[in-house]
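Below: one structure, written as structure tokens.
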Amino acid sequence: MPYWLMKSEPDEFSIDDLARAPRRTAPWTGVRNYQARNFMRDAMRVGDGVLFYHSSCAEPGIAGIAEVAREAYPDETQFDPKSEYYDPATTREAPRWLNVDVRFVAKTRLVPLAELRAHRELAGMRILQRGNRLSITPVTPREWTFITGRLLAPAAKARRR
DNA sequence: GCCAACGTTGGC
DNA sequence: GCCAACGTTGGC
């Protein structure tokens, strides 16, 4: 199953906001980058795993786990002149921007960027590459397993001893 | 606030 | 289609 990392500025929409959302589900609106949009449109499927990443904040890093709850459909904010994501160039007939819905799975400890960088196993992650700015990036099954199984479950590891 | 990196725009 | 200028992202 495919896995993803999705960035959000916690001041705008945090893992806590997702946990408090009705049915713990929210539309991932505001993506205005074609590569990120295409991931949603072409590859994201219901049930895909999502690492919820907090960016542009005091403590950037992975803050929780979510899952794709609905496949891509037109992003309403592109039609709303009052929205900061308004796009006057798009139309209802041919919407340019899409969003998926994301459902809360778990809040985790904050795994800081520096910690991700410290592990060889994660060296290939898109988020760690120089100049990476994509707000949605694929995560390999290996990376997913390493992060969710090892970085996020120290208790389970301790029990095994 | 700085700055590197990258995407987009628009003139030609 | 090229490419310089400009805007944005995001860590520090």
Side-chain angles (χ1 to χ4, degrees), chain A residues 2-21 26-44 48-68 71-140 142-144 146-148 150-152 154:
Chain A
Y3 303 100
W4 306 93
L5 182 145
M6 299 175 85
K7 292 186 199 172
S8 183
E9 300 187 15
D11 290 347
E12 207 178 320
F13 191 76
S14 70
I15 187 72
D16 293 319
D17 293 324
L18 182 60
R20 281 192 298 261
W28 200 268
T29 54
V31 172
R32 295 293 181 270
N33 169 284
Y34 289 106
Q35 259 185 286
R37 180 205 67 182
N38 293 348
F39 280 138
M40 291 196 286
R41 185 190 61 192
D42 302 333
M44 293 181 90
D48 285 3
V50 173
L51 298 171
F52 196 114
Y53 180 92
H54 284 176
S55 68
S56 289
C57 56
E59 272 195 303
I62 293 168
I65 307 287
E67 66 184 3
V68 176
E71 290 178 15
Y73 60 99
D75 178 341
E76 273 302 314
T77 64
Q78 72 193 301
F79 307 121
D80 177 6
K82 288 199 273 301
S83 169
E84 63 173 310
Y85 299 117
Y86 178 59
D87 182 353
T90 187
T91 65
R92 292 227 174 242
E93 293 69 37
R96 177 177 298 178
W97 305 113
L98 307 172
N99 65 265
V100 295
D101 282 355
V102 163
R103 182 187 302 120
F104 178 86
V105 173
K107 184 176 181 177
T108 65
R109 75 178 175 90
L110 199 286
V111 183
L113 236 202
E115 183 176 341
L116 297 175
R117 286 192 198 286
H119 294 284
R120 247 202 332 275
E121 293 88 340
L122 303 178
M125 283 188 82
R126 196 81 172 262
I127 189 99
L128 303 180
Q129 307 310 307
R130 258 163 72 88
N132 166 76
R133 293 182 354 190
L134 256 193
S135 64
I136 299 177
T137 50
V139 170
T140 68
R142 256 173 220 282
E143 291 159 354
W144 176 271
F146 186 84
I147 292 167
T148 59
R150 193 159 144 199
L151 299 188
L152 295 176

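Quick note on labels: first sequence line is chain A, next is B, and so on, each numbered from 1.
If you measure from atom CZ of A/Arg133 to atom P of B/dC6, you get 8 Å, rounded to the nearest angstrom. Whole-Å rounding puts the A/His54 NE2 to C/dT9 P distance at 17 Å. The interatomic distance linking A/Gln129 (CD) with C/dG10 (C1') rounds to 15 Å, in whole Å. For A/Leu128 and C/dG11, the CG to C1' distance is 12 Å, given to the nearest whole Å. We find that CH2 of A/Trp97 is positioned 7 Å from P of B/dT8, with the value rounded to whole Å. Taking atom CD of A/Glu9 as the reference point, atom C1' of C/dG11 lies 12 Å away to the nearest angstrom. Atom-to-atom, CG of A/Asp87 to P of C/dG7 comes out at 17 Å; the value is rounded to the nearest Å. Per the geometry, CG belonging to A/Leu134 stands 11 Å off C1' belonging to C/dT9, to the nearest Å.
OP1 or OP2 of C/dT9 has not a single side-chain nitrogen or oxygen of A/Lys7 nearer than 4.0 Å.
By the neighbour-count criterion of 12 heavy atoms within 6.0 Å, atom CD of A/Glu59 is sparsely surrounded, having that number or fewer from other residues, nucleotides or ligands.
For the side-chain contact (heavy atoms from CB on, under 4.5 Å) test, residues two or more places apart in sequence or in another chain that qualify with A/Val105 are A/Ile65, A/Glu67. Residues passing the salt bridge (charged side-chain N to carboxylate O under 4.0 Å, His left out) test with A/Arg20, sequence neighbours excluded: A/Asp17.
Looking at residues 30-39 of chain A, you'll see A/Tyr34, A/Gln35 sit with a heavy atom under 4.0 Å from some atom of DNA chain B.
With respect to A/Trp97, the side-chain hydrogen bond (donor to acceptor under 3.5 Å, both in side chains) criterion is satisfied by exactly one of A/Asn33, A/Asp75, A/Asp87: A/Asp87.
Going from atom CZ of A/Arg32 over to atom OG of A/Ser135 covers 10.5 Å, rounded to the nearest 0.5 Å. Considering CG of A/Leu152 and OG1 of A/Thr108, their distance stands at 5.0 Å, rounded to 0.5 Å.
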